[in-house]
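As the structure is a computational prediction, the values presented were derived from the model and not from experiment. One-based numbering along the sequence shown.
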Amino acid sequence: MKMGPFLRHENATDKMMRNLFIALMPILIFGFYKNGILPFLHGYATIYGMLYPLLLVFVSVMTSYVSEYFFIRILKGRSKEETKKELKQSFWIFPGLFLSLIVPYNTPLVLMAIASFIASILGKMLYGGFGYNLFNPALIGCLFLLTIYGAQIATMGGYLNTEEIRVVSGATPLANVSLVDGIGTYETLVEPYGTLASFFLGTIPGAMGETSACLCLLAFFFLSYKRVIKWKIPTFYIGTVFLLTCIIGSMNGVGLWYPIFQVLSGGLFFGAVFMATDPVTSPITSIGQVLYAILLGILTVAFRYLSPLPEGVLTSILTMNLFVPILDKIGSSRGNASKKMALPLFICCFFSFLLIRQVVGKYTKTEERDSNFSVVSEEKNGNQTTYIVMQKGNGGLIQSKLTLEDGKVLSFQVLEEHETDAYYQMVMDANYIDTLLKKQNQIEEVDTISGATISSKALKKTMINVLKEAGVLK
């Protein structure tokens, strides 16, 4: 069998891309309604804020067009007519369009343009253009943006629109997972954002195009019916994540809501339907697609539980893009399909077993000590002990300095933080640290700040963990 990259006839490819664009339109409209129109109607956004989702899309798409135009025109030395023809066959709109739907909502327009340029040039054109890229271009642009500017964007609100910044707890659902005790409960993971129906419909915080599993599911049926995408990849990908998190949840005593929460969070549906099925960077053989999807599921769960990356979808797809030629080679080799699948599936099961064992062990240890807390230094001076500690907050690690004497915290100073400005200002305006100092004997009863729950909870847990470190609390 001849291996890729290769594409269908030009007319067939045009039709595929047209159907792909049609499937994206309801998601784009919903993103505009949720992040622009609703905040404006509720009084949380100006007209500019209402139009900002569309501006993100416009800047990203136009940057894709300009980048590819000048690349073809200047670096490839094509004439104007040749450039127009090549642009039409390049489907320049999609890197920018996809990218605008997966980046944090509060990405500045100039950074949106830079990320789109990286996606189009570094992720696509340098490989030879449409049909020859090794990695998904939009994911390359998003990875660049989050790696270089992620902390800066987080301080500006990250994935939350102007209404969510003031109303919800201050983080996306999967970012919230890493801040709760143990594996979490329905009350700590789901209720801050509504119900599981809220997750399915897409009214939760997240990237503009990634929150509505409902619309992604409809797009899946439409694109599968039109034979635009490979149905096996989303099915086995989401199924693997569901199965693994179901096992992890059951071993930690939580119900069926937990794996449902996991598959409806973090843009898994959008990634499975639109990103993982990219015709250029995904396997073309049936066996290769199944193995690719299962490995994507294993990697996503591993990234979510065992790394600082709460989402996991982006990094999993980019990682698996590297192994597509190997998976297609397995799928195209001679022999019985069941025999070809036996060894790879055994390896997948083995890694799944190790992953589940590691995750269960992690949460057992979490009950003994907060894994989001660490002591940087401890200095004794007479009866006083000064701790420099780190505690995970909403935007990253919060470094604090606490001085104790005879089991009592005398001072609590935040040395460095990366919280969203609005959240942190709410905490400071409420004199929350003073409240913690005054009520340290009843520290567990101190409420968090409504609207800045995660930032205030991180400070509360900082004091609790230091008191435990000093032996005052158990």
Colleague: Salt bridge between Glu164 and Lys34, side-chain N to carboxylate O under 4.0 Å?
Modeller: yes

Colleague: Scan residues 229-267 for pairs that pass ring-ring contact (aromatic ring centres under 6.0 Å, His included), counting only residues two or more places apart or in two chains.
Modeller: Tyr186-Trp257, Phe199-Phe261

Colleague: Report yes or no: does Asn106 contribute a side-chain atom to a donor-acceptor pair with the main-chain N or O of Leu160 at less than 3.5 Å?
Modeller: yes

Colleague: Is there a donor-acceptor pair closer than 3.5 Å between any side-chain N or O of Lys460 and the backbone N or O of Val446?
Modeller: yes

Colleague: Please confirm whether the backbone N or O of Leu111 pairs with a side-chain atom of Tyr149, one donor and one acceptor, at under 3.5 Å?
Modeller: no

Colleague: Can you check whether Ser60's main-chain N or O pairs, donor with acceptor, with Ser100's side chain at less than 3.5 Å?
Modeller: no

Colleague: Do Thr277 and Ser282 pair up side chain to side chain, a donor and an acceptor below 3.5 Å, judged on atom types alone?
Modeller: no

Colleague: Are Tyr225 and Phe221 close enough that their ring centres sit under 6.0 Å apart?
Modeller: no

Colleague: Begin with the C-alpha distance, continue with both residues' side-chain angles, and end with the deciding distance and a verdict on side-chain hydrogen bond (donor to acceptor under 3.5 Å, both in side chains) for Ser120 and Ser64.
Modeller: CA-CA 6 Å; Ser120 297; Ser64 286; 3.0 Å; yes

Colleague: Donor-acceptor pair, Gln358 side chain versus Leu355 backbone, under 3.5 Å?
Modeller: no

Colleague: Taking atom types as modelled, is there a side-chain donor on Ser116 or Thr63 under 3.5 Å from an acceptor on the other?
Modeller: no

Colleague: Classify the ring geometry between Phe270 and Phe274 as parallel (under 30°), tilted (30 to 60°) or perpendicular (over 60°).
Modeller: tilted

